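Each remark here refers to the structure printed beneath this line.
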Amino acid sequence: FDHIKKGDALVVLAEKFPKL
Amino acid sequence: AIDKLAKKTKPYIIAELMDRSNKELTEGAGANEVVSAGFYRTGIMLQSALYHGMSHIFHELLQYEQNKTSVFIVTEKNIPQEFYDEKLTFQDAARKINEKRKAPNPVILIGVKRGDQIILNPHS
C-alpha cells in the first residue's frame, strides 16, 4: 500500500458516522 | 426476482450462503454482497481459541446500538481533500485522524477500501 488515492474510502471505528 | 419486484428502488441485495464457494455464482445472479454465518462462526471460534476473549470483540462490533463502536466506511465526499492531494500514507492519515480525535465521537482508522477490496492495517 503506497498512499491514499482518489476514490479510496477509509474504514474507521467510531460510535457515530464520523466527520473527518 | 428481487430486482423485478423492486425495479424502481434498485435494492442492494445481501445473500446468505451456507457454502462460500458459490460466492461468484451468487454475485452473478445479482447479489451485491454475500455473507456466510458458518464461515464467520468457524472464524470466530478459531480466533477465540487462539486469542482468548476475541469473541467479545466481534460481539461488540456486531451490536448496532447508540454509543457502541461500529465499523464505518467513509467515502470520498466525507474525507477532506487534503488526504488525497497530499498523497497521505496510511500512517499519515491515521496520525491526522488521531490529532483531530474528539471525545464525543473518537475515530480510529483501521483500513482502506479501494474498489471492492478492503485492506485492513495496510503495510507500506
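Reckoned from all heavy atoms, side chains included, excluding hydrogens, waters and symmetry mates. Letters A, B, ... mirror the listed sequences (proteins, then strands); counts begin at 1. Being a predicted model, the structure only gives us computed values, none of them experimental.
- Under a hydrophobic clustering in which Ile, Leu, Val, Met, Phe, Trp and Tyr are joined whenever their side-chain heavy atoms come within less than 4.5 Å, directly or via other members, V71(B) and V74(B) fall into different clusters.
- When all heavy atoms of P80(B) and L20(A) are compared, the pair lying nearest together is CG-O, 3.5 Å.
- Of the candidates I110(B), N78(B), I97(B), L10(A) forms a side-chain contact (heavy atoms from CB on, under 4.5 Å) with just one, namely I97(B).
- Put simply, M45(B) and L50(B) are part of two different groups of oily side chains (I, L, V, M, F, W, Y) that touch within less than 4.5 Å, one to the next.
- Distance CG/L13(A) to CG/L61(B): 6.5 Å, rounded to 0.5 Å.
- Under a hydrophobic clustering in which Ile, Leu, Val, Met, Phe, Trp and Tyr are joined whenever their side-chain heavy atoms come within less than 4.5 Å, directly or via other members, V107(B) and L120(B) fall into different clusters.
- If you chain together hydrophobic residues whose side chains sit under 4.5 Å apart, F58(B) and V11(A) fall into the same group.
- Here the closest heavy-atom approach between residue F1(A) and residue R114(B) is recorded as CE1-NH2, 3.5 Å.
- Here D8(A) contributes atom CG and E76(B) contributes atom CD; the two are 8.0 Å apart, rounded to the nearest 0.5 Å.
- Across T89(B), V112(B), I73(B), the residue that shares the most heavy-atom pairs under 4.5 angstrom with chain A is V112(B).
- Hydrophobic clustering, with ILVMFWY side chains joined whenever heavy atoms are under 4.5 angstrom apart, keeps Y40(B) apart from M18(B).
- The environment of F39(B) atom CZ is sparse: at most 12 non-hydrogen atoms of other residues, nucleotides or ligands sit within 6.0 angstrom.
- Atoms CG and NZ, from D85(B) and K6(A) in turn, are 8.0 Å apart once rounded to the nearest 0.5 Å.
- T75(B) and A9(A) get closest at one heavy-atom pair: CA-CB, 4.0 Å.
- Interface remark: K100(B) contributes side-chain atoms only to the contact with chain A (heavy atom separation under 4.5 Å).
- Side-chain atoms of T69(B) and E15(A), non-hydrogen and from C-beta on, do get closer than 4.5 Å to each other.
- Q91(B) CD: 12 or fewer foreign heavy atoms inside a 6.0 Å radius.
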